[in-house]
*Asks:* 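Take this structure, written in structure tokens, and hold onto it; I'll ask about it next.
Quick note: residue numbers are just sequence positions, from 1. These values consider heavy atoms only, across backbone and side chains, with no hydrogens, waters or symmetry-generated copies.
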Amino acid sequence: MGISERKVREKEVLRRKIIQAARELFAEGGYGNATLRQVAQKIEYSPTTIYLHFENKAELLKTISEETLAPLADTFNAIDEEFNDPILTLKNCGLAYVEFGLRHPNEYRLVFMDSQGWNEESMDLSEEEEMPGQWVYESFQILVQDCIAQGRLDPTDAETLTQVLWAALHGVVSLHLNYTRFAWIDQKALATEVIDAIIRGSGPKSKIFD
């Protein structure tokens, strides 16, 4: 391995250390309470080292969010390829979303529940950039539109229906994460009932499960 290749590898190793340290600090104390100086201290480097890899804390959060949600994106794609029925695709993507949130509570909280990180002001986004995790909503929106196009859901307001679906699924995840001592029914059963209730109330009932 030449000098240039070794430098590239060392740079990537350090970048991974920064990301992992930030991920742990954000999860432990919240995005708003963590500082880049703390990240630097955790990996035993000077704060200026962080800025060689990331412009600011918001960019670091965006990177972590994208990496966190990458497996969920892969799952959505696999489900989309497996089912030809848009209703079944929508249901299974919804269940996958809930399962992901419950299996990765710290990561889910960081991306979708940290009020100090999950807002446009702290993220300092340009007009072209999306909020981390926005693709999740857009994926559900596409599936809802597919269902409407096939006459499986009522063609009134796809955006409203998508937001209702996402809000309900997020509610299932966040309640399970925050109320761990509550006597919940089976997690998958609950998520399935929530999704089915939305579908039943949003389309021609005779066509929903054809």
*Asks:* Let me check something: any side-chain donor-acceptor pairs from residues 44-51 under 3.5 Å, sequence neighbours excluded? List them with distances.
*Replies:*
residue : atom : partner : partner atom : Å
Ser46   : OG   : Thr48   : OG1          : 2.9
Ser46   : OG   : Thr49   : OG1          : 3.2
Thr49   : OG1  : Ser46   : O            : 3.2

*Asks:* According to a 4.5 Å side-chain heavy-atom criterion applied to Ile, Leu, Val, Met, Phe, Trp and Tyr, with indirect links allowed, do Ile18 and Val13 form part of one hydrophobic cluster?
*Replies:*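 Different clusters: Ile18 never reaches Val13 through Ile, Leu, Val, Met, Phe, Trp or Tyr contacts under 4.5 Å.
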*Asks:* Would you call Arg152 and Asp146 a salt bridge, taking side-chain N to carboxylate O under 4.0 Å as the test?
*Replies:* no
*Asks:* Is any side-chain heavy atom of Phe54 closer than 4.5 Å to a side-chain heavy atom of Arg15?
*Replies:* yes
*Asks:* Does the pair Lys17 and Lys42 meet the rule for a side-chain contact (heavy atoms from CB on, under 4.5 Å), with working shown?
*Replies:* CA-CA 9 Å; Lys17 287 183 178 180; Lys42 193 173 182 65; over 6 Å; no
*Asks:* I want to check something: taking the side chain as every heavy atom from C-beta on, are Thr89 and Glu82 in contact at a cut-off of under 4.5 Å?
*Replies:* no
*Asks:* Check whether Ile142 and Val136 end up in the same hydrophobic cluster, where Ile, Leu, Val, Met, Phe, Trp and Tyr are linked by side-chain heavy atoms less than 4.5 Å apart.
*Replies:* no
*Asks:* Which residues satisfy the side-chain contact (heavy atoms from CB on, under 4.5 Å) test with Ala73, sequence neighbours excluded?
*Replies:* Trp135
*Asks:* Taking the side chain as C-beta and beyond, is there a heavy-atom pair between Asp154 and Ser202 under 4.5 Å?
*Replies:*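 SC-SC contact between Asp154 and Ser202 ruled out.
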*Asks:* Is there a path of hydrophobic side-chain contacts, each under 4.5 Å between heavy atoms, that joins Ile19 and Leu52?
*Replies:*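 No, Ile19 and Leu52 fall in different hydrophobic clusters.
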*Asks:* Keeping to residues at least two apart or across chains, list the side-chain hydrogen bond (donor to acceptor under 3.5 Å, both in side chains) pairs with something in residues 100-112.
*Replies:*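 For residues 100-112, and leaving out neighbouring residues, the side-chain hydrogen bond (donor to acceptor under 3.5 Å, both in side chains) pairs sorted by first residue read Tyr97-Tyr108, Glu99-Arg103, Tyr108-His170.
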*Asks:* Out of Leu95, Leu72, Thr75, which residue meets the side chain to side chain contact (heavy atoms under 4.5 Å, CB included) rule with Phe100?
*Replies:*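 It is Leu72; the other options fail the test.
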*Asks:* Between Ile185 and Val98, is there a shared hydrophobic cluster once you connect ILVMFWY residues whose side-chain heavy atoms come closer than 4.5 Å?
*Replies:* yes
*Asks:* Can you find a heavy atom in the side chain of Leu61 that is under 4.5 Å from one in the side chain of Val111?
*Replies:* no
*Asks:* Tell me, please, which residues at least two apart from Arg37 pass side chain to side chain donor-acceptor pair (under 3.5 Å).
*Replies:* none
*Asks:* Are Leu90 and Leu165 packed together at the side-chain level, in the sense that at least one heavy-atom pair is separated by less than 4.5 angstrom?
*Replies:* yes
*Asks:* Show, in sequence, the C-alpha distance, side-chain angles and deciding distance for Tyr31 and Lys57, and conclude whether the side-chain contact (heavy atoms from CB on, under 4.5 Å) test is met.
*Replies:* CA-CA 9 Å; Tyr31 171 80; Lys57 190 172 69 167; 3.5 Å; yes
*Asks:* Do Trp166 and Tyr137 have ring centroids that are under 6.0 Å from one another?
*Replies:* yes
*Asks:* Would you check if Glu138 and Thr162 make a side-chain contact, meaning some heavy-atom pair closer than 4.5 Å?
*Replies:* no
*Asks:* Output all residues satisfying side-chain contact (heavy atoms from CB on, under 4.5 Å) with Ala22, sequence neighbours left out; order by chain, then residue number.
*Replies:*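 Counting only residues at least two positions away or on another chain, Ala22 forms a side-chain contact (heavy atoms from CB on, under 4.5 Å) with Phe26, Val39, Leu60, Ile64.
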*Asks:* Pro86 versus Leu143: any side-chain heavy-atom pair under 4.5 Å?
*Replies:*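 Of all side-chain heavy-atom pairs linking Leu143 with Pro86, none is under 4.5 Å.
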*Asks:* Go through the structure and list residues passing side-chain contact (heavy atoms from CB on, under 4.5 Å) with Asp186, not counting sequence neighbours.
*Replies:* Lys188, Ala189
*Asks:* Side chains of Thr68 and Arg23: does their closest heavy-atom pair fall under 4.5 Å?
*Replies:* yes
*Asks:* Do the side chains of Arg16 and Glu67 get close enough for a salt bridge, i.e. N-O under 4.0 angstrom?
*Replies:* yes
